[in-house]
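Quick note: numbers below take in every heavy atom, side chains included, and nothing from hydrogens, waters or symmetry partners.
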Amino acid sequence: MSEVKLAAAKRTEFGKGAARRIRREDKVPGVLYGHGSDPVHLTLPGHELLLALRTPNVLIALDIEGAGQELAIPKSVQRDPIKGFLEHVDLQLVKRGEKVNVEIFVHTEGELAPGGNLLEHVLNALPVEAEATHIPESVTVSIEGLEAGASILAKDITLPSGTKLAVEEDTVVLQVLAAQAEESAEGEGEGDEAAEA
């Protein structure tokens, strides 16, 4: 997992007005917390942060002006619902060698058994515990040949070395549903035509 370096400055102004001023300067207000220390309010570079957040569970090396370096992972990201720009970010302080709980994306490969069955992602992301500097981005699960009624449980997924499940082993992650028959919908359409005639 790669580390992204970002320069950050401590923030002394708070409230909506201060946050708007920060965003106008293409920066993002944020809070760094964890390890029992007081939260540190930060201003982060907007574009660089946006690029960093494209990697799930990215490890961020913060160079905080006047306070040295800290490692963090994103915990909560708020975006503008219409324009999509970053409004605020919460970062969790981590240390090398420390185990953290995160969610990693579940990707699938292969084709279901013939018959028009549907794959339901009960969990899009799998809760795991991993070392802070070795968080996997995702896991890939084969669904090749699965038929209706089949399920893949958390314990069935092969995790990268050093990563453990942070959810019950019997939790359903993926399941295959039988295709719905379309005959009933077609039958209703015919009845409507007869009523109109």
Answer yes or no: does atom NZ of K5 have more than 12 heavy-atom neighbours from other residues, nucleotides or ligands under 6.0 Å? no
Within the 4.5 Å heavy-atom criterion, are I143 and L174 side-chain neighbours or not? yes
With hydrophobic residues grouped by side-chain heavy-atom distances under 4.5 Å, do F105 and I135 end up in a single group? no
Less than 4.5 Å apart, any side-chain heavy atom of L59 and any of L71? yes
Closest heavy-atom contact between P160 and V139? CD-CG1, 4.0 Å
Answer yes or no: is there a side-chain heavy-atom contact under 4.5 Å between V40 and V31? no
For E131 and T133, test the side chains for any donor-to-acceptor distance below 3.5 angstrom and give the result as yes or no. yes
How many angstroms lie between CD1 in I73 and CD in E98, if you round to the nearest 0.5 Å? 8.0 Å
Contact between L32 and D90 at the side-chain level, heavy atoms closer than 4.5 Å - yes or no? no
Heavy-atom closest pair, residues A130 and P136: CB-CD, 4.1 Å
Is the number of heavy atoms from other residues, nucleotides or ligands under 6.0 Å of E169 CD greater than 12? no
Under a 4.5 Å cut-off applied to non-hydrogen side-chain atoms, are T55 and E137 in contact? yes
Might you confirm whether atom NE2 of H121 has over 12 heavy atoms from other residues, nucleotides or ligands at distances under 6.0 Å? yes
What verdict does the side-chain contact (heavy atoms from CB on, under 4.5 Å) test give for I64 and E70, after you've listed the backbone C-alpha separation in whole Å, the side-chain angles of each residue and the deciding distance to 0.1 Å? CA-CA 8 Å; I64 303 170; E70 298 285 4; 4.0 Å; yes
Electrostatic pair E129:K164 at N-O distance under 4.0 angstrom: yes
Does any N or O in the side chain of E144 come within less than 3.5 Å of the main-chain N or O of E111, such that one atom is a donor and the other an acceptor? yes
Looking at CD1 of I157 and OG1 of T163, how far apart are the two atoms once the value is rounded to the nearest 0.5 Å? 12.5 Å
Separation between CG of L146 and CG of L112, rounded to the nearest 0.5 Å: 6.5 Å
Are side-chain heavy atoms of V100 and K75 found at a separation under 4.5 Å? no
Indicate, with yes or no, if V106 and L123 share a hydrophobic cluster defined by side-chain heavy-atom contacts under 4.5 Å among Ile, Leu, Val, Met, Phe, Trp and Tyr. yes
Here the gap from T108 atom OG1 to L119 atom CG, rounded to the nearest 0.5 Å, amounts to 5.5 Å
Heavy atoms, side chains only, cut-off 4.5 Å: are S37 and L93 in contact? yes
Considering all heavy atoms of both residues, which atom of V4 and which atom of A52 are nearest to each other, and what is their separation? CG1-CB, 3.7 Å
Nearest non-hydrogen partners of A72 and L62, listed with the distance: CB-CD1, 4.2 Å
So with a 6.0 Å cut-off around OH of Y33, is the heavy-atom count from everything else above 12? yes
Of all heavy-atom pairs between L177 and A148, which one has the smallest distance, and what is that distance? C-CB, 4.2 Å
For P114 and N117, which heavy atoms make the closest approach, and how far apart are they? O-ND2, 4.3 Å
From CA spacing to verdict: side-chain contact (heavy atoms from CB on, under 4.5 Å), V102, V128: CA-CA 6 Å; V102 294; V128 297; 4.0 Å; yes
E147 atom CD, over 12 foreign heavy atoms within 6.0 Å: no
Can you tell me how far apart CD (E103) and OG (S138) are? Round to the nearest 0.5 Å. 13.5 Å
side-chain contact (heavy atoms from CB on, under 4.5 Å) with K155: which of L159, I152, L153? L153
State, with a plain yes or no, whether a side-chain heavy atom of V89 is found less than 4.5 Å away from one of L44. yes
Using a 6.0 Å cut-off, check whether atom CD of E168 has over 12 heavy atoms from anything other than its own residue. no
In this structure, CD1 of I104 is separated from CG of N57 (nearest 0.5 Å) by 8.0 Å
